[in-house]
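By convention in this document, chain letters (A, B, ...) are assigned in the order of the sequence lines, proteins followed by strands, and residues within each chain are numbered from 1.
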There are 2 protein chains.
Amino acid sequence: MGVTKRFIYTDGINEIANIAKVFAHPARVSILKYISEQEGCICNDLVDEIGLSQATISQHLSVIGNAGLLKGRFEGKKKCYCLNLERFKEFQILLNSFFIKTSSNCC
Amino acid sequence: MGVTKRFIYTDGINEIANIAKVFAHPARVSILKYISEQEGCICNDLVDEIGLSQATISQHLSVIGNAGLLKGRFEGKKKCYCLNLERFKEFQILLNSFFIKTSSNCC
DNA sequence: TTTTAACATCGTAATATTGCAATATTACAA
DNA sequence: TTGTAATATTGCAATATTACGATGTTAAAA
């Protein structure tokens, strides 16, 4: 018990859930918001900005990154994280189409 | 440790995360999809349809319900669950405005 | 009244997530 | 080289989530 039974759902359903999971933590929402607000590249100002430890921020960044939402490149020892806009739009479209398909009412 | 530090984020950020959390499990995505596909009112066909125990489905329904996404009423011993369309649209709008505000690129 | 069907709730086991300190790792600076 | 700043990874403690059996609760059926 305790494990999500992913195999009983369609790929489409699982995909929506996986996308949502990225946004399901305020730290990750904050990170995305902050990154998109910066003109230039940002690094771990996120640690100061958000107020979680460096380890924790790095962990959240990897969750966001694994979802394909980040482009990161090193500039010397600093790392620049940027939004992968294409993927981000893809997420928006997928979520929206879920909303649209799911908006008929039964009662 | 282990607790999400909600107090360090703005209400807006927490709200997005809370909304996303509802969709962050495939069972809940399935339930919403299934409910919206039914013409009339549905009950716990969800148990047969999805293949989780009645207790588990009921639990997920209460998560969805607590988010304000369900209208439920009893018809005899059966309970009819319907989408609260207004709230659902609200979710869609909130998520979308997050996407829009967050779509500028830094690199 | 008793039974039964349709849910809800409780208790609990299994697993996942969150967060941080400590410890790598990496690349520049001295 | 050695030191150091920036980030990643590891290990672990605390808490949350997921799932289900067992047990309520309630309303119709028998």
Side-chain angles (χ1 to χ4, degrees), chain A residues 1-9 13-14 17-31 34-35 38 40-67 70-82, chain B residues 1-9 13-14 17-31 34-35 38 40-67 70-82:
Chain A
M1 292 168 232
V3 215
T4 296
K5 296 174 154 184
R6 297 177 211 283
F7 58 93
I8 69 176
Y9 310 99
I13 295 284
N14 280 316
N18 287 335
I19 289 175
K21 211 165 274 183
V22 176
F23 302 104
H25 194 286
R28 295 195 288 269
V29 176
S30 276
I31 289 172
Y34 185 73
I35 285 181
Q38 295 316 103
C41 284
I42 64 104
C43 337
N44 266 24
D45 312 332
L46 287 166
V47 176
D48 302 331
E49 187 63 22
I50 296 183
L52 292 172
S53 76
Q54 183 265 322
T56 304
I57 293 289
S58 194
Q59 206 173 242
H60 281 300
L61 277 169
S62 92
V63 172
I64 301 174
N66 288 338
L70 292 180
K71 288 179 184 164
R73 71 190 144 82
F74 274 99
E75 295 190 338
K77 44 191 170 179
K78 297 199 180 187
K79 188 160 183 185
C80 160
Y81 279 113
C82 314
Chain B
M1 288 169 235
V3 215
T4 297
K5 297 176 152 184
R6 296 175 212 284
F7 58 92
I8 70 176
Y9 311 98
I13 296 284
N14 280 315
N18 287 336
I19 288 175
K21 213 166 273 184
V22 176
F23 303 105
H25 194 286
R28 295 195 288 270
V29 175
S30 277
I31 288 172
Y34 185 72
I35 284 181
Q38 296 315 105
C41 284
I42 64 104
C43 336
N44 266 24
D45 314 330
L46 286 166
V47 175
D48 301 330
E49 187 64 22
I50 296 184
L52 292 173
S53 75
Q54 183 265 320
T56 303
I57 293 289
S58 195
Q59 205 173 242
H60 281 301
L61 277 169
S62 91
V63 172
I64 300 173
N66 289 338
L70 292 180
K71 288 178 184 166
R73 73 190 143 81
F74 275 98
E75 295 190 337
K77 46 190 168 178
K78 297 200 180 187
K79 187 160 185 184
C80 159
Y81 280 112
C82 313

Just to be sure I understand the rule, does [X] reach a base, reach only the sugar-phosphate, or reach nothing, if contact means heavy atoms closer than 4.0 Å?
| X | answer |
| --- | --- |
| Arg6(B) | nothing |
| Ser53(A) | base |
| Ile57(A) | nothing |
| Thr56(B) | base |

Return the minimal non-hydrogen interatomic distance between Ser30(B) and Ile13(A), and the atom names on each side.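 Shortest heavy-atom contact: OG-CG2, 3.7 Å.
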Testing the basics here: between Leu52(B) and Val47(B), what is the closest heavy-atom pair and its distance to 0.1 Å?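 For Leu52(B) and Val47(B), the tightest heavy-atom pair comes out as O-CG1, 3.4 Å.
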For a 4.5 angstrom cut-off between non-hydrogen side-chain atoms, does [X] reach [Y]?
| X | Y | answer |
| --- | --- | --- |
| Arg73(A) | Lys71(A) | no |
| Asn44(B) | Leu61(B) | yes |
| Ile57(A) | Gln54(A) | no |

Using atom [atom1] of [X] as one end and atom [atom2] of [N] as the other, report the distance to the nearest whole Å.
| X | N | atom1 | atom2 | value |
| --- | --- | --- | --- | --- |
| Leu52(A) | dT17(C) | CG | P | 17 Å |
| Lys21(B) | dT18(D) | NZ | C1' | 14 Å |
| Ile31(A) | dT18(C) | CD1 | C1' | 13 Å |
| Asn18(B) | dT17(D) | CG | C1' | 15 Å |
| Ile50(B) | dC20(D) | CD1 | C1' | 16 Å |
| His25(A) | dA16(D) | NE2 | C1' | 11 Å |

Could you walk me through whether Ile50(B) and Tyr34(B) pass the side-chain contact (heavy atoms from CB on, under 4.5 Å) check? CA-CA 9 Å; Ile50(B) 296 184; Tyr34(B) 185 72; 5.6 Å; no
Which atom pairs, donor and acceptor, lie under 3.5 Å between side-chain atoms of residues 18-29 of chain A and protein residues at least two apart or in another chain?
from, atom 1, to, atom 2, distance (Å)
Asn18(A), ND2, Asn14(A), O, 3.2
His25(A), ND1, Ala27(A), N, 3.0
His25(A), NE2, Thr4(B), OG1, 3.2
Arg28(A), NE, Val22(A), O, 2.9
Arg28(A), NH1, His60(A), ND1, 3.1
Arg28(A), NH2, Lys21(A), O, 3.0

Side chain of Arg28(A) only, heavy atoms from C-beta on: which candidate in dA19(D), dA16(D), dT18(C) is closest?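 Looking only at heavy atoms from C-beta outward on Arg28(A), the closest nucleotide is dT18(C).
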Give the nucleotide from the list dG21(D), dA16(D), dG19(C) with an atom nearest to the side chain of Ala55(B).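 So the side chain of Ala55(B) is nearest to dG21(D).
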Pairs under 3.5 angstrom, nitrogen or oxygen only, protein versus nucleotides 1-7 of chain C, please.
from, atom 1, to, atom 2, distance (Å)
dA5(C), O4', Lys77(B), NZ, 3.4
dA6(C), O3', Lys77(B), O, 3.4
dC7(C), OP1, Lys79(B), N, 2.7
dC7(C), OP1, Lys79(B), O, 3.4
dC7(C), OP2, Asn44(B), N, 2.7

Please report the interatomic distance SG(Cys82(A)) to CD1(Ile35(A)), rounded to the nearest 0.5 Å.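 So the SG of Cys82(A) and the CD1 of Ile35(A) are separated by 7.5 Å.
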For the helix from dT1(C)-dA30(D) to dA30(C)-dT1(D), what is the angle between the axes at its two ends, each from 5 pairs, rounded to 10°?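 Comparing the first five pairs with the last five, the axes sit 0° apart.
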Looking at dT17(D), I'd like to know if its phosphate oxygens (OP1 or OP2) sit under 4.0 Å from a side-chain N or O belonging to His60(B).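 Result: no.
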Between Ser53(A) (side chain only) and Thr56(A) (backbone N and O only), is there a donor and an acceptor less than 3.5 Å apart?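 Judged by distance alone, yes, a pair lies under 3.5 Å.
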If you assign each of Gln59(A) and Lys5(A) to its closest nucleotide in DNA chain D, which residue comes earlier from the 5' end?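 Between the two, 5'-proximity favours Gln59(A).
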